[in-house]
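Okay, so here's the structure we're looking at.
Ligands are counted one by one from 1 in listed order, and the atoms in each one are counted from 1 as well.
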Amino acid sequence: MKDFLSAPRLAELVRICTEMYAHGWDERNGGNVSVLLDGADIDGYIDTKNVLRELPTGFSAPLPEGSLFLVTGTGKYFRNVRYDPADSLGVVRLTDGGKTAQLLWGFTGGGTFTSEFPAHMMSHAARLSVDAENRVVLHCHPDGLLAMTYVHDLDERAFTRTLWQMETECVMVFPEGVNVLPWMLCGTNEIGEATAEKMKTARLVVWAQHGIYGAGRSLDETFGLIETAEKAAGIFLKIAHLPWKQTLKTEDLRRIAAHYGVTPRAGYLD
Ligand code: 13P
Ligand code: ZN
């Protein structure tokens with residue numbers, strides 16, 4: 001068996017956690033990430049017959065029996081992930097109708113998966129129902145988007161249109177827009193269910209006064225989605241209090257979408 005610490009999937013997640021921290025999106029233990037693995041990702045690295053611990057999930061994760069995830073641990077500081085990935089991260093396998101996660105690797109200090117495991121698992125199921133290639137769910141606390149939820153209308157169409165107007169790239173990168181949840185208590189099955197419902201129509205779901213969830217086929221795609229939305233939010237906050245002389249107009253957004261062959265969310269550019 002090779003050491004999983006040398007596996008490409010692990011290296012990729014360590015790199016993303018480090019980047020997320022560097023971007024200021026993950027103060028302390030803020031944020032969490034889960035990656036759906038293929039058997040091939042752990043083949044030769046992890047003995048799948050050796051279950052280290054059985055971790056109750058507290059809900060029935062709506063995913064196929066045996067689904068494998070690489071996931072961040074609860075309370076783990078993103079700043080420290082790269083120094084001890086085996087303590088901060090874990091590989092779990094869902095069993096018992098998703099009510100149990102078998103720990104196959106990691107959480108060496110006796111830890112467990114993120115407190116947002118319900119939102120992650122339910123969001124994976126929701127995204128997989130619309131895109132069979134979705135593999136990543138990523139949550140963080142980027143300050144621009146978070147700040148925007150205090151001063152901007154939380155209406156999804158209005159919120160999306162403002163972000164689209166802040167940068168030409170936005171409508172190309174997230175043509176389906178961003179969905180928004182009002183403030184809810186985090187770490188619960190309820191916020192998990194609400195997030196998953198929103199994930200059926202967009203890869204980005206803002207949690208008002210908390211942060212954002214992103215989903216995608218790869219860590220790079222998902223990171224890039226949040227990076228783009230966060231950049232737009234930052235521009236909005238820089239100019240929100242200033243008199244605007246011009247902006248991207250609805251017609252401009254339509255032209256960008258047509259030129260780049262993307263379909264903006266129906267009704268958002270009427
Ligand atoms: P965890 O440390 O349990 O992942 O929680 C961090 C967080 O961002 C909660 O929303
Ligand atoms: Zn959070």
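The atoms of ligand 1 that sit less than 4.0 Å from any heavy atom of T114 are 1 (P), 3 (O), 4 (O). Those atoms of ligand 1 that come under 4.0 Å of a heavy atom in H210, given as number and element, are 10 (O). For ligand 1, the atoms sitting less than 4.0 Å from at least one non-hydrogen atom of H139 are 8 (O), 10 (O), numbered in the order shown with element in parentheses. The contact set between ligand 1 and G30, taken as ligand atoms under 4.0 Å from a residue heavy atom, comprises 8 (O). Atoms of ligand 1 lying under 4.0 Å from any heavy atom of H141, numbered from 1 in the order shown and given with element: 8 (O).
Taking backbone and side-chain atoms together, C186 has no N/O/S atom less than 2.8 Å away from the Zn ion (ligand 2).
The shortest N or O to N or O distance between G73 and ligand 1 is not below 3.5 Å. Checking only distances, T74 does come within under 3.5 Å of ligand 1, N or O to N or O. The shortest N or O to N or O distance between G75 and ligand 1 is under 3.5 Å.
Scanning the protein heavy atoms around atom 8 (O) of ligand 1, the nearest turns out to be G31 N, 2.8 Å. The closest protein non-hydrogen atom to atom 7 (C) of ligand 1 is N32 ND2, 3.4 Å. Residue, atom and distance of the protein heavy atom nearest to atom 9 (C) of ligand 1 are E116 OE2, 3.1 Å.
Under 4.0 angstrom from ligand 1, the non-hydrogen atoms of N29 come from both its backbone and its side chain.
Counting only distance, with no hydrogens or angles, the side chain of R53 and the backbone of F107 share a donor-acceptor pair below 3.5 Å. A distance-only check finds no donor-acceptor pair linking the side chain of R265 to the backbone of V178 [under 3.5 Å].
A donor-acceptor contact closer than 3.5 angstrom is absent between the side chains of R82 and S88. In this model, a donor atom of one side chain and an acceptor atom of the other lie less than 3.5 Å apart for T195 and W207.
Salt bridge present: D38 and R135 bring a charged side-chain N and a carboxylate O closer than 4.0 Å. With salt bridges taken as basic N to acidic carboxylate O contacts below 4.0 Å, none links E169 and K231.
Proximity of the aromatic rings of F113 and H120 is defined here by a centroid distance below 6.0 angstrom, and this criterion is not met.
The number of heavy atoms from other shown groups lying within 6.0 Å of CZ (R254) is above 12. Atom CZ of F223 is surrounded by more than 12 heavy atoms from other residues, nucleotides or ligands within 6.0 Å.
Expressed to the nearest 10°, the angle at the Zn ion (ligand 2) joining NE2 in H141 with NE2 in H210 is 100°.
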